[in-house]
Each structure stands twice: as C-alpha cells, then as structure tokens.
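All remarks here apply to the structure that follows.
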2 protein chains.
Amino acid sequence: MTQAPSTPPSADTQDGPLPRQRRTYSIGELARMFEVTTRTIRFYEQEGLLAPERRGQTRIYDEKDRVRLKLTLRGKRLGFSLAEIREVVMMYDAMPDGNRRQLQRLLEILANKRRNMERQLEDIRLMQLEIDDVERRARDVLDGLHD
Amino acid sequence: MTQAPSTPPSADTQDGPLPRQRRTYSIGELARMFEVTTRTIRFYEQEGLLAPERRGQTRIYDEKDRVRLKLTLRGKRLGFSLAEIREVVMMYDAMPDGNRRQLQRLLEILANKRRNMERQLEDIRLMQLEIDDVERRARDVLDGLHD
DNA sequence: GTCTAGCTTGACGTTAACGTAAAGTGCTTG
DNA sequence: CAAGCACTTTACGTTAACGTCAAGCTAGAC
C-alpha cells in the first residue's frame with residue numbers, strides 16, 4: 001500500500017535538464033500501477049516479453065518497458081496469448097533490420113489480428129444486444145413483482 | 001467430412017405442417033457447424049451449459065441448445081469463462097420464477113459484463129491504432145528495401 | 001548493529017479448458 | 001452378418017498463466 005517512487009531525489013550533483021522522460025520504475029511500482037503481481041511481471045520477462053536492465057541483481061524498468069507491459073496487458077484483455085503478443089513485439093523490435101520475409105510475416109500477423117478484432121467488435125455488438133434483452137426481461141419480471 | 005443431416009427423410013407417414021422449427025441436431029453436426037470438437041460440446045454439458053435430451057444413450061440437440069452453444073462460444077471469444085457464462089445462462093433460464101435477489105444479482109452481472117465490453121471496445125480501438133502504426137512502419141521499411 | 005521492506009531465484013502447485021486413448025453401443029449398408 | 005461409422009463413458013494427460021511457498025540478498029531507517 002505504500003507508494004514510493006523508485007528514484008528518490010538522492011541529492012546528486014547535476015540536476016540540470018536531465019532527459020525529462022528518463023524515469024525508471026521498480027517491479028513493485030509497475031505491479032501496483034497495472035494491478036498485477038510481481039510474479040506476473042517476472043513471468044512475462046521469462047517468456048521474453050520484457051527485458052529490463054539490472055542494477056546489480058535488481059530489475060530496473062524504463063518507460064519503454066512500461067509501455068510494453070501496458071500493451072501486453074491490453075493484448076491479454078483482448079484474448080491474445082502471450083506467445084502471440086511476443087511474436088508481434090519481437091518483430092516490431094527487430095523491424096529496422098528485419099528482412100523482407102520477416103516483415104511480410106509481420107503484416108500477415110497484423111492482418112490476422114485485425115480480422116480477429118473485427119470479429120470481436122461484431123461479437124460485442126451482438127452480446128450487447130443480448131444483454132439489453134436479458135436486462136429488459138429481468139426488469140419486466142421485477143416490475144411484475146410489486147408485492 | 002461427410003455431411004448428413006441427423007434427420008433423413010425416413011419416409012414416414014404424416015409429413016404435413018410439422019412445427020417448422022422442430023429441427024434437431026446430432027453432436028457431430030453441431031461440432032462441424034461451429035468448428036469445435038464433440039469433446040468440447042460434451043464438456044460444456046458436463047459444466048452445466050447444455051442439457052440436451054437423450055434418445056436412448058444418444059444426445060439430441062434442438063434449436064434452443066444450438067443457440068446456447070452459439071452464445072457460449074461468443075462469450076468465450078470475448079474472454080468470459082465458462083463459469084461466468086453458465087451463471088448468466090442459468091439465471092436467464094430461471095428467470096420467470098426467479099426471486100428478487102436473483103434478479104438483482106443478474107442485473108449486477110449484466111452491468112459488469114457491460115463495463116467489461118466497454119473496456120474491450122476501448123482496447124480494440126487503441127489496439128487498432130497501434131496496429132495501424134506498426135503496419136505503416138513495416139511498409140515504410142519494406143519500401144526502403146527496394147533492392 | 002539489526003530490523004524491515006522490497007527485491008531475488010527456484011521449484012512445486014493450481015486452475016481452466018479441453019485433448020486423447022480405450023473400450024463399448026447401436027444403426028445401416030453392402 | 002460383418003463392416004463401418006457415429007455415438008457413448010471413463011479416465012488420465014496437457015497447456016497456459018500464473019500462485020505460492022522457501023530461503024536468501026540488500027539498502028535504508030532507527
């Protein structure tokens with residue numbers, strides 16, 4: 001429950017115009033931030049989705065890591081497996097020097113995900129209609145129950 | 001691969017205005033229809049999501065069962081657990097004589113699912129933007145690769 | 001110092017959602 | 001009637017995604 005930023009002032013010399021966005025996070029911070037456990041975050045690293053630096057033994061996460069975690073969790077909420085997410089993330093990272101086949105494969109995957117999401121959109125639309133219907137009926141029954 | 005409706009003509013007497021929608025399905029038909037295995041369908045029954053009639057030992061599915069399976073699979077695609085789906089489905093079935101607390105609970109669950117789906121919609125929107133971005137970059141790199 | 005909070009690795013446990021194999025039943029088709 | 005196919009039950013196996021200890025390191029607070 002205690003919130004303490006991982007980098008307290010530390011009264012260093014040199015606090016000029018430091019690269020503004022160079023903030024870092026501890027594993028616990030990220031865990032609270034996204035409401036997952038530290039175990040989860042370490043597991044994602046083990047699965048190749050994150051690769052934080054180390055200060056000695058301790059993991060240090062930067063902005064890029066945070067974004068990756070965010071995207072990963074979003075992917076999860078949409079039902080993608082960690083393996084799928086990793087595939088895209090890794091290809092994205094290797095993009096600048098990716099060869100043609102890799103890039104073509106990436107485009108395929110993206111097209112797939114797009115189709116997947118189109119379907120999900122449709123599913124959501126339909127499911128919302130169903131829910132509307134069920135709710136309406138439930139309310140009707142409730143109204144009929146004026147004791 | 002062979003498709004044969006479960007109720008071949010059977011050359012019975014009496015083929016007048018039979019209750020038009022009284023069609024039934026075998027487990028294999030449903031499986032092919034929704035591209036799941038029969039194991040899956042039996043599993044759903046075991047989990048209380050389906051309750052087909054029996055002709056002897058064999059399961060006979062009617063239109064209502066088919067719809068249930070459809071809704072179940074849609075729910076799955078949206079990331080709901082079988083337990084969640086069952087809860088809604090069972091309450092829906094028990095509705096006419098459901099007591100007030102049950103119905104209130106149902107409304108809660110529905111509100112929850114609604115929130116869930118709102119979030120999914122947002123996730124999809126964001127994810128689509130990400131994908132657009134990644135795809136654009138991939139294409140840029142590909143274009144730069146004119147050998 | 002020593003105490004605490006938060007970090008580490010390692011390893012086994014757990015749950016959901018099926019897969020898969022074995023062995024038997026029942027219809028219909030040549 | 002024998003073959004074949006779709007169906008049945010039983011039961012153990014599998015995979016993903018973590019949970020849950022255990023045991024130990026480390027940096028700052030008192």
Side-chain angles (χ1 to χ4, degrees), chain A residues 1-12 24-61 65 69 71-87 89, chain B residues 1-12 24-61 65 69 71-87 89:
Chain A
M1 295 285 187
T2 57
Q3 292 162 292
S6 69
T7 48
S10 85
D12 234 14
T24 65
Y25 308 87
S26 76
I27 192 170
E29 275 183 289
L30 283 187
R32 281 186 302 270
M33 185 174 292
F34 291 108
E35 301 190 292
V36 297
T37 67
T38 59
R39 175 70 177 90
T40 298
I41 296 180
R42 286 196 200 96
F43 179 71
Y44 289 173
E45 176 176 349
Q46 175 183 321
E47 293 300 300
L49 285 165
L50 295 173
E53 287 171 27
R54 295 287 184 126
R55 183 179 207 77
Q57 197 175 221
T58 305
R59 292 167 172 83
I60 305 287
Y61 300 86
D65 294 319
L69 179 54
L71 294 181
T72 298
L73 293 174
R74 183 180 299 155
K76 279 229 58 185
R77 283 197 302 271
L78 293 179
F80 298 125
S81 75
L82 294 186
E84 294 177 293
I85 296 171
R86 177 182 43 203
E87 197 171 10
V89 162
Chain B
M1 293 288 187
T2 58
Q3 290 162 296
S6 67
T7 48
S10 85
D12 234 13
T24 63
Y25 310 86
S26 76
I27 192 169
E29 274 183 287
L30 282 187
R32 279 185 304 269
M33 185 174 292
F34 292 107
E35 303 190 291
V36 297
T37 68
T38 59
R39 175 69 177 91
T40 297
I41 296 180
R42 288 195 200 97
F43 180 72
Y44 288 173
E45 175 176 351
Q46 176 183 321
E47 293 299 301
L49 285 165
L50 295 172
E53 287 170 28
R54 295 286 187 127
R55 182 176 207 79
Q57 197 176 220
T58 306
R59 293 166 172 83
I60 306 286
Y61 299 86
D65 293 320
L69 179 54
L71 294 182
T72 298
L73 294 175
R74 184 180 298 156
K76 279 228 57 187
R77 283 197 302 271
L78 293 179
F80 298 125
S81 75
L82 294 184
E84 293 177 293
I85 295 172
R86 176 182 46 203
E87 198 171 9
V89 162

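Because the structure is predicted, anything quoted here is derived from the model rather than measured. Chain identifiers are assigned alphabetically (A, B, ...) following the order of the sequence lines, protein sequences preceding nucleic acid strands; residue numbering begins at 1 within each chain.
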In whole angstroms, the gap separating C1' of D:dT26 from CD1 of A:I60 amounts to 13 Å

Rounded to whole Å, the CD-P distance (A:Q57 to D:dA27) equals 10 Å

Considering only heavy side-chain atoms of B:I27, the closest of C:dT8, D:dT9, D:dC7 is D:dC7

Evaluate the side-chain proximity of A:D65 to A:L69: yes if any heavy-atom separation is below 4.5 Å, no if none is.
-> no

Of all heavy-atom pairs linking A:R86 and A:G48, the shortest is CG-O, 4.0 Å

Whole-Å distance, B:Y25 OH to D:dC7 P, equals 15 Å

Correct closest heavy-atom pair for A:K76 and A:I85 would be N-CD1, 3.8 Å

Item checked: Check: A:F43 and A:T37 side chains under 4.5 Å, non-hydrogen atoms -> no

Note: A:Q57 and A:R54 closest approach over all heavy atoms is O-NH1, 2.7 Å

When rounded to whole Å, the CG to P distance for the pair A:L30 and C:dT8 reads 11 Å

- Query: Is the distance from OP1 or OP2 of C:dC7 to the nearest side-chain N or O of A:R59 less than 4.0 Å?
  - Reply: no

Between CD of A:E35 and P of D:dG19 the distance, given in whole Å, is 13 Å

Here the distance between atom P of D:dA6 and atom CZ of B:R42, to the nearest Å, is 13 Å

Taking D:dC7, C:dT9, D:dT9 as options, the one with an atom nearest any side-chain atom of B:T58 is D:dC7

Is any side-chain nitrogen or oxygen of A:S26 closer than 4.0 Å to OP1 or OP2 of C:dC7?
yes

Do B:E29 and B:R32 touch side chain to side chain, with heavy atoms closer than 4.5 Å? yes

B:R54 atom CZ is separated from D:dA6 atom P, nearest whole Å, by 19 Å

From CD of A:E45 across to C1' of C:dT9 the rounded distance in Å is 12 Å

5' to 3', nucleotides 13-20 of chain C under a 4.0 Å protein heavy-atom cut-off (B base, S sugar-phosphate only, - none) gives ----BBBB

Give a yes or no answer on whether the side chain of B:R55 reaches the backbone of B:I60 with a donor-acceptor pair at less than 3.5 Å. no

